[in-house]
Amino acid sequence: MAAICVFCASSRTLDRRWLELAAETGAELARRGHTLVSGGGCVGMMGALADGARAAGGRTVGVIPQALVDLEVADLASDELLVTDGMASRKTLMVDKSDAFLTLPGGLGTLDELFEVWTTATLALHAKPMVLVDIDGFYRPLLDWLATLADQTFLKPAGLDLLLVADTVPAALDLLESHLT
């Protein structure tokens, strides 16, 4: 099947429900036969995601910069752990290794990764599907603000339409799978 990159939080202080969401996402990817591509961390949602995928028999590929390996947060249990020289090269390699992108709740790093793949898609540098998982309206304020960018012509409607939105992980994966070429 496909290599699906999942962006999510790596914070160690998250509410248990976010960790459970990540673990279930990893498991669902594995059940559907997909390979998980992640940021290569073993903490927070990122760690729960990879653990969930492996527990369900899935293959995991982690992409992590050396600086985070040095902080001892690398997912050493990954089937394949790729170490980069920095965050920018990490994002480039994640895009290269992935067929599609799924974004779970997260903070600045998650948004940085989402906007990187979205921006490069609007520039036609890739045509890989991207789905934002808007669990419980987590991203609703952001989506509302992004709509105002399109209204004010800072963002073309076609660019806005490149980001698909679902409110559950199964619906998000259904969307991704329907857009894989």
Side-chain angles (χ1 to χ4, degrees), residues 1-10 22 25-26 29 32 34-41 44-46 49-50 53 59-69 75 78 80-135 138-167 169 171-181:
M1 293 296 292
I4 298 181
C5 184
V6 178
F7 303 132
C8 61
S10 60
T25 300
L29 281 168
R32 292 180 185 223
H34 299 298
T35 295
L36 168 66
V37 178
S38 76
M45 290 175 71
M46 199 181 305
L49 173 74
R59 182 172 190 281
T60 61
V61 177
V63 184
I64 190 166
Q66 183 63 52
L68 295 181
V69 173
D75 180 15
S78 289
E80 184 177 0
L81 187 64
L82 305 169
V83 180
T84 65
D85 62 0
M87 295 296 278
S89 56
R90 174 200 210 184
K91 288 185 287 187
T92 299
L93 190 54
M94 289 169 82
V95 170
D96 290 345
K97 288 281 185 185
S98 303
D99 301 310
F101 305 92
L102 183 75
T103 303
L104 295 174
L108 291 178
T110 302
L111 292 172
D112 175 55
E113 293 163 336
L114 167 65
F115 282 111
E116 176 82 15
V117 298
W118 192 6
T119 299
T120 53
T122 65
L123 297 172
L125 298 176
H126 72 81
K128 300 172 183 181
M130 305 164 291
V131 177
L132 182 71
V133 183
D134 188 29
I135 299 283
F138 183 89
Y139 284 113
R140 179 51 39 207
L142 175 64
L143 293 168
D144 291 343
W145 177 74
L146 290 166
T148 67
L149 292 181
D151 292 344
Q152 297 177 42
T153 67
F154 285 103
L155 173 62
K156 294 178 183 175
L160 188 60
D161 292 341
L162 288 174
L163 183 64
L164 307 169
V165 180
D167 59 2
V169 169
L173 291 175
D174 289 346
L175 263 176
L176 280 181
E177 291 168 346
S178 73
H179 284 81
L180 286 168
T181 54

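Remember, predicted model here, so these are calculated numbers, not experimental data.
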query = Crowded around Leu123 CG? As in, over 12 foreign heavy atoms under 6.0 Å?
reply = yes
ask   = Do you know the tightest heavy-atom contact between Pro65 and Val83?
value = C-CG1, 4.3 Å
ask   = Are the side chain of Arg90 and the backbone N or O of Val63 linked by a donor-acceptor pair below 3.5 Å?
value = yes
remark   = Tightest non-hydrogen contact, residues Ser78 and Gly62, listed as OG-N, 3.9 Å
query = If you look only at pairs with a residue in residues 140-160, which of them pass as a ring-ring contact (aromatic ring centres under 6.0 Å, His included), with sequence neighbours excluded?
reply = none
Would you mind writing out the side-chain donor-acceptor pairs for residues 91-102 within the sub-3.5 Å range, not counting sequence neighbours?
unit_1	atom_1	unit_2	atom_2	d
Lys91	NZ	Asp112	OD1	3.2
Lys91	NZ	Asp112	OD2	2.9
Thr92	OG1	Ala88	O	3.2
Ser98	OG	Met94	O	2.7
Asp99	OD2	Ala3	N	2.7

message = How close do Leu180 and Ala2 get, counting heavy atoms only, and between which atoms?
response = CD1-CB, 3.6 Å
message = I need the Trp118 CH2 to Leu155 CG distance, nearest 0.5 Å.
response = 6.0 Å
ask   = If you measure from NE2 on His34 to CD on Glu177, what distance do you get to the nearest 0.5 Å?
value = 3.5 Å
ask   = If only atom types and distance count, is the side chain of His126 paired as donor or acceptor with the main-chain N or O of Val117 below 3.5 Å?
value = yes
task = Mind running side-chain contact (heavy atoms from CB on, under 4.5 Å) on Val133 and Phe7 for me, showing each step along the way?
result = CA-CA 10 Å; Val133 183; Phe7 303 132; over 6 Å; no
remark   = Output for pair (Cys5 SG, Lys128 NZ), nearest 0.5 Å, gives 9.5 Å
query = So Leu163 and Leu114, side-chain contact (heavy atoms from CB on, under 4.5 Å) or not? Walk me through it.
reply = CA-CA 9 Å; Leu163 183 64; Leu114 167 65; 3.8 Å; yes
ask   = Are Asp134 and Leu142 close enough that some pair of their side-chain heavy atoms sits under 4.5 Å apart?
value = no
message = Working to the nearest 0.5 angstrom, can you tell me the gap between Thr110 OG1 and Leu132 CG?
response = 10.5 Å
task = Determine, for Asp174 against Arg32, whether the closest basic-nitrogen to carboxylate-oxygen distance falls under 4.0 angstrom.
result = yes
ask   = Out of curiosity, Thr25 OG1 to Ile135 CD1, how far, rounded to the nearest 0.5 Å?
value = 7.5 Å
ask   = At their closest point, which heavy atom of Thr60 faces which heavy atom of Ala50, and how far apart are they?
value = CG2-O, 3.9 Å
query = Passes side-chain contact (heavy atoms from CB on, under 4.5 Å), Met130 versus Thr103? Steps please.
reply = CA-CA 8 Å; Met130 305 164 291; Thr103 303; over 6 Å; no
key: Rounded distance (nearest 0.5 Å) linking atom OH of Tyr139 with atom CG of Leu111   = 5.0 Å
key: Heavy-atom closest contact (Thr84 atom, Ser89 atom, distance)   = CB-OG, 3.3 Å
message = Using the rule given for side-chain contact (heavy atoms from CB on, under 4.5 Å), can you reason through Asp75 versus Ile64, listing the C-alpha separation, both sets of side-chain angles and the distance that settles it, and then say yes or no?
response = CA-CA 9 Å; Asp75 180 15; Ile64 190 166; over 6 Å; no
request  = Could you pull out the closest heavy-atom pair between Leu164 and Asp161, with the gap in Å?
outcome  = CD2-O, 4.0 Å
